[in-house]
Amino acid sequence: MSDKAVDLWKTLYNWLMSVKACEVEVENTKFRLFITVNKSGEIVSSFSKAMSTEEAEEAWEFARSKFYDENNEEKNINDAYGTYVRAFFNDDNRESAIKIIKNFHIEVCKQKNILQP
């Protein structure tokens, strides 16, 4: 999955909103993203590999650096996913986003050819 895939950022945004609204207990929730192609960008990979809070913080900072410069100015944010990215990297949402990353994992699904018996 591309680091700039709208579906990725919309999913992360929806999870974030659910956490902020106390609809899910972030510490007890596994956030799984299922994809059909075994390709992922640097951001997705870093999120999926983060197992500790420290690693999740590093992954959040790394991902944020792809969209914001050192002066906190936006860079490379497309309108298609901008709302989702801005929310995920908003300082007010940082703690919740890091908890999501810590419990995030990407799963590759094998597709079966429906024409084969």
Side-chain angles (χ1 to χ4, degrees):
M1 171 162 277
S2 165
D3 288 340
K4 296 185 178 183
V6 175
D7 288 341
L8 168 67
W9 293 105
K10 187 174 184 178
T11 299
L12 291 168
Y13 173 84
N14 287 334
W15 289 341
L16 179 67
M17 294 300 103
S18 292
V19 168
K20 298 288 283 181
C22 299
E23 295 172 349
V24 296
E25 293 181 32
V26 70
E27 288 84 5
N28 299 320
T29 302
K30 293 182 190 257
F31 298 94
R32 303 258 186 238
L33 184 61
F34 293 90
I35 60 173
T36 57
V37 178
N38 194 10
K39 286 186 179 180
S40 64
E42 293 177 299
I43 292 172
V44 174
S45 233
S46 70
F47 284 8
S48 192
K49 290 177 184 174
M51 298 296 165
S52 67
T53 300
E54 295 76 24
E55 290 171 334
E57 288 172 349
E58 289 172 13
W60 187 87
E61 291 291 344
F62 169 76
R64 191 177 192 290
S65 75
K66 299 292 184 181
F67 298 105
Y68 292 89
D69 65 19
E70 56 278 349
N71 296 319
N72 204 28
E73 297 293 324
E74 288 184 9
K75 62 180 185 179
N76 305 321
I77 297 182
N78 183 303
D79 287 342
Y81 56 78
T83 299
Y84 312 127
V85 167
R86 287 181 193 103
F88 200 77
F89 295 111
N90 181 302
D91 285 336
D92 292 339
N93 297 330
R94 184 178 190 275
E95 184 179 337
S96 295
I98 288 169
K99 289 177 180 178
I100 290 169
I101 293 168
K102 182 180 172 195
N103 293 338
F104 173 86
H105 190 69
I106 195 156
E107 299 279 344
V108 180
C109 299
K110 304 287 185 199
Q111 283 187 319
K112 292 183 179 181
N113 186 340
I114 59 173
L115 299 177
Q116 293 179 343

For the pair Asn14 (side chain) and Lys10 (backbone), establish whether a donor and an acceptor sit closer than 3.5 Å, ignoring hydrogens and angles.
yes
Test of understanding: with side-chain contact (heavy atoms from CB on, under 4.5 Å), list the residues that count as partners of Ala5, not counting sequence neighbours.
Met1, Ser2, Leu8
Is Glu74 atom CD crowded by more than 12 heavy atoms from other residues, nucleotides or ligands, each under 6.0 Å away?
yes
Do His105 and Glu107 come within less than 4.5 Å of each other through their side chains, counting heavy atoms only?
yes
Spell out, as yes or no, whether a donor-acceptor pair under 3.5 Å connects the side chain of Thr11 to the backbone of Asp7.
yes
side-chain hydrogen bond (donor to acceptor under 3.5 Å, both in side chains) involving Asp69 - partner list, sequence neighbours excluded
none
Taking all atoms of both residues into account, what is the closest heavy-atom pair of Trp9 and Tyr84, and its distance?
O-CB, 3.2 Å
Taking all non-hydrogen atoms of both residues, which atom of Phe104 and which atom of Val44 are closest, and how far apart?
CE2-O, 3.9 Å
Do the ring centers of Trp60 and Phe47 come within less than 6.0 Å of each other?
no
Are Ile43 and Lys66 packed together at the side-chain level, in the sense that at least one heavy-atom pair is separated by less than 4.5 angstrom?
yes
Does Val24 share a hydrophobic cluster with Ile98, counting links as ILVMFWY side-chain heavy atoms below 4.5 Å and allowing steps through other members?
yes
Which residues pass the side-chain hydrogen bond (donor to acceptor under 3.5 Å, both in side chains) test with Lys99, sequence neighbours left out?
Glu27, Glu95
Lys4 side chain to Tyr81 main-chain N or O, any donor-acceptor pair under 3.5 Å?
no
Sequence neighbours left out, what passes salt bridge (charged side-chain N to carboxylate O under 4.0 Å, His left out) with Arg94? Give chain and number order.
Glu61
Which atom pair, heavy atoms only, marks the closest approach of Ala59 to Ala50?
CB-CB, 4.5 Å
Sequence-distant partners of Lys20, side-chain hydrogen bond (donor to acceptor under 3.5 Å, both in side chains), two or more places apart
Asn93
Do Tyr68 and Glu73 come close enough that some side-chain heavy atom pair is under 4.5 Å?
no
Of the non-hydrogen atoms in Val6 and Ala80, which two are nearest, and what is the gap between them?
CG2-CB, 3.6 Å
Review item, side-chain donor-acceptor pairs of residues 28-35, under 3.5 Å, at least two apart:
residue, atom, partner, partner atom, Å
Asn28, ND2, Glu25, OE1, 2.7
Thr29, OG1, Glu25, O, 2.7

So CZ of Phe62 and CD1 of Ile101: to nearest 0.5 Å the spacing works out to 11.5 Å
Can you confirm whether Glu55 sits close enough to Ser52 that some side-chain heavy atom of one is under 4.5 Å from a side-chain heavy atom of the other?
yes
Around atom CG of Asn71, are there more than 12 heavy atoms from other residues, nucleotides or ligands closer than 6.0 Å?
yes
Within-4.5 Å side-chain heavy-atom neighbours: Phe88 and Tyr13:
no
Are the side chain of Ser48 and the backbone of Ser45 linked by a donor-acceptor contact shorter than 3.5 Å?
no
Quick one: closest heavy-atom pair of Gly82 and Ile77, and the distance?
CA-CG2, 3.4 Å
Shortest non-hydrogen contact from Leu16 to Ala97?
CD1-N, 4.0 Å
